[in-house]
*Asks:* 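Have a look at the structure that comes next, please.
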Amino acid sequence: SEIVICWDSQSVWRKKIVSTYKAHRVSTPEQKEARAVVFMQLPILEQFITSLGFMQFRIDGLEADDLVGIYSQVCQDHKTVKRVWIYSTDADFWQLLSKKVRVLRPMPKNPVTVASFDLAKSHGVTPEQWAEFKALAGDSSDGYKSVPGIGPARASTMIQAGVKPSLSKFAALPAHVRKAYPQLEEHWDKIYACYQLAYIPRDYAYKLLPSECQDGIYKSLYELRAYL
């Protein structure tokens, strides 16, 4: 099995959509000091990972989520790859679930595997609908909320009824959906913005990714394909 580590960088493209994205994550002086100590050791850790023979990538301007989305798509499209595992506690990655892709969540006692059928049972949505679900339900960990009063249960009901936050305009929804949820119209710009925050790109040519990142993505994909 091949292991690929994806690192965060100082990414700002989602903050250009919603300026308060992750802005609530304020650290205490003690936490800042502890984080500084960890960051000082990262170059040593990266050298150690390289010595183990594992691939690792960091591209300025992109979050690790963006890299995982693009790389997981490349891996599952590769004819020799039978299974792709994403090791993370982050539920954002559930939108990447497919026949080949699973998420392994490290839990205190035992890791938990999340598959696409688990998502349907627990939340009533498909992986393809997960970013839309989050756009309506909000995400406290990333600091965004589109519509007050909509929680996970109601968001699931709305998605099943045909509400599609991936559409940029409320008027693009079918007439019966607009009639059932007219209160969403005044919030639609915020709903669509939250969808853009929640969505993880699978394609390196995704329109919202910074153009200055493209060379880094091309180079990393060349190295990744050679590694598989």
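The figures here come from the full heavy-atom set of this structure, side chains too, leaving out hydrogens, waters and symmetry mates.
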*Asks:* So, Gln160 versus Ser156: side-chain donor-acceptor pair below 3.5 Å or not?
*Replies:* yes
*Asks:* Hydrogens and angles aside, do Arg105 and Ser88 bring a side-chain donor and acceptor to less than 3.5 Å of each other?
*Replies:* no
*Asks:* Going by heavy atoms in the side chains, are Ile59 and Ser220 under 4.5 Å from each other?
*Replies:* yes
*Asks:* Could you give the distance from CG (Leu45) to CE (Met40), rounded to the nearest 0.5 Å?
*Replies:* 14.5 Å
*Asks:* OH of Tyr195 to OG of Ser166: how many Å apart, nearest 0.5 Å?
*Replies:* 5.0 Å
*Asks:* Short question: side chain of Trp130, backbone of Ala91 - any donor-acceptor pair under 3.5 Å?
*Replies:* yes
*Asks:* Measuring only between side-chain heavy atoms, which start at C-beta, is Asp66 closer than 4.5 Å to Arg14?
*Replies:* yes
*Asks:* Would you say Phe170 and Leu167 are hydrophobically clustered, going by side-chain heavy atoms of ILVMFWY under 4.5 Å?
*Replies:* yes
*Asks:* Look at Glu63 together with Lys22 and state whether they make a salt bridge at an N to O cut-off of under 4.0 Å.
*Replies:* yes
*Asks:* Identify which one of Tyr199, Tyr204, Tyr206 satisfies the side chain to side chain contact (heavy atoms under 4.5 Å, CB included) criterion when paired with Arg202.
*Replies:* Tyr199
*Asks:* Just by modelled atom types, is the Gly69 backbone N or O under 3.5 Å from a matching donor or acceptor in the Gln73 side chain?
*Replies:* no
*Asks:* State, to 0.1 Å, how close Ser9 and Arg58 come at their nearest heavy-atom pair, and which atoms those are.
*Replies:* CB-CG, 4.1 Å
*Asks:* I need the Leu67 CG to Asp8 CG distance, nearest 0.5 Å.
*Replies:* 8.5 Å
*Asks:* Can you list every ring pair (Phe, Tyr, Trp, His ring centres under 6.0 Å) pair that touches residues 53-77, not counting sequence neighbours?
*Replies:* Phe57-Tyr71
*Asks:* On a heavy-atom basis, which atom in His187 and which in Pro148 lie closest, and how many Å separate them?
*Replies:* CE1-CD, 4.3 Å
*Asks:* Under a 4.5 Å side-chain heavy-atom rule over Ile, Leu, Val, Met, Phe, Trp and Tyr, are Val74 and Tyr87 clustered together?
*Replies:* no
*Asks:* With side chain to side chain contact (heavy atoms under 4.5 Å, CB included) as the test, would you mind laying out the steps for Ile200 and Ile70 before giving the verdict?
*Replies:* CA-CA 8 Å; Ile200 296 177; Ile70 295 169; over 6 Å; no
*Asks:* To the nearest 0.5 Å, what is the distance between CD1 (Ile5) and CD (Glu46)?
*Replies:* 10.0 Å
*Asks:* Over all heavy atoms of both residues, which pair between Arg35 and Ser27 is shortest? Give the atoms and the distance, please.
*Replies:* NH1-OG, 2.8 Å
*Asks:* Go through the steps for Tyr181 and Leu173 under the test side chain to side chain contact (heavy atoms under 4.5 Å, CB included), then give the verdict.
*Replies:* CA-CA 10 Å; Tyr181 301 103; Leu173 293 171; over 6 Å; no
*Asks:* Can you measure from NZ (Lys190) to CG (Leu197) and round to the nearest 0.5 angstrom?
*Replies:* 9.0 Å
*Asks:* Report yes or no: do Tyr222 and Met55 belong to one cluster of Ile/Leu/Val/Met/Phe/Trp/Tyr joined by side chain heavy-atom distances under 4.5 Å?
*Replies:* no
*Asks:* Tell me yes or no: between the side chains of Trp94 and Asp118, is some donor less than 3.5 Å from an acceptor?
*Replies:* no
*Asks:* Provide the closest heavy-atom pair for Cys75 versus Leu228 in the form atom of the first, atom of the second, distance.
*Replies:* SG-CD2, 4.0 Å
*Asks:* Take a 6.0 Å sphere around CD of Glu33 and say whether it holds more than 12 heavy atoms from other residues, nucleotides or ligands.
*Replies:* no
*Asks:* Mind checking what makes side chain to side chain donor-acceptor pair (under 3.5 Å) contact with Glu2, not counting sequence neighbours?
*Replies:* none
*Asks:* Should the heavy atoms of other residues, nucleotides or ligands under 6.0 Å from CD of Gln10 be counted, would the total exceed 12?
*Replies:* no
*Asks:* Could you tell me whether Glu132 and Lys164 have a side-chain N and a carboxylate O separated by less than 4.0 Å?
*Replies:* yes
*Asks:* Do Ile150 and Leu184 make a side-chain contact, defined as non-hydrogen atoms from C-beta onward lying under 4.5 Å apart?
*Replies:* yes
*Asks:* Return the minimal non-hydrogen interatomic distance between Gln76 and Ser98, and the atom names on each side.
*Replies:* OE1-OG, 2.9 Å
*Asks:* Can you hop from Leu52 to Val4 via hydrophobic side chains spaced under 4.5 Å?
*Replies:* yes
*Asks:* For residues Ile217 and Leu209, determine if any side-chain heavy atom of one lies less than 4.5 Å from a side-chain heavy atom of the other.
*Replies:* yes
*Asks:* Do the side chain of Asp139 and the main chain of Asp142 share a donor and acceptor less than 3.5 angstrom apart?
*Replies:* yes
*Asks:* In the structure I gave you, are the side-chain heavy atoms of Pro210 and Leu62 within less than 4.5 Å of one another anywhere?
*Replies:* yes
*Asks:* For a 4.5 angstrom cut-off between non-hydrogen side-chain atoms, does Ile159 reach Leu136?
*Replies:* yes
*Asks:* Are any of the side-chain heavy atoms of Pro152 and Phe133 separated by less than 4.5 Å?
*Replies:* yes
*Asks:* Which atoms form the tightest heavy-atom contact between Val177 and Ala161, and what is the distance?
*Replies:* CG2-O, 3.6 Å
*Asks:* Counting only N and O atoms by type, is there a donor-acceptor contact under 3.5 Å from the side chain of His123 to the main-chain atoms of Val125?
*Replies:* no
*Asks:* When rounded to the nearest 0.5 angstrom, what is the spacing between CG in Leu96 and CZ in Arg102?
*Replies:* 13.0 Å
*Asks:* Counting C-beta onward and ignoring hydrogens, is there a side-chain heavy-atom pair between Thr20 and Tyr144 closer than 4.5 Å?
*Replies:* no
*Asks:* Just by modelled atom types, is the Thr28 backbone N or O under 3.5 Å from a matching donor or acceptor in the Gln31 side chain?
*Replies:* yes
*Asks:* So if you build clusters from Ile, Leu, Val, Met, Phe, Trp, Tyr with side-chain heavy-atom gaps below 4.5 Å, do Val12 and Ile17 land together?
*Replies:* no
*Asks:* In residues 106-113, what donor-acceptor pairs under 3.5 Å come from side-chain atoms, sequence neighbours left out?
*Replies:*
none

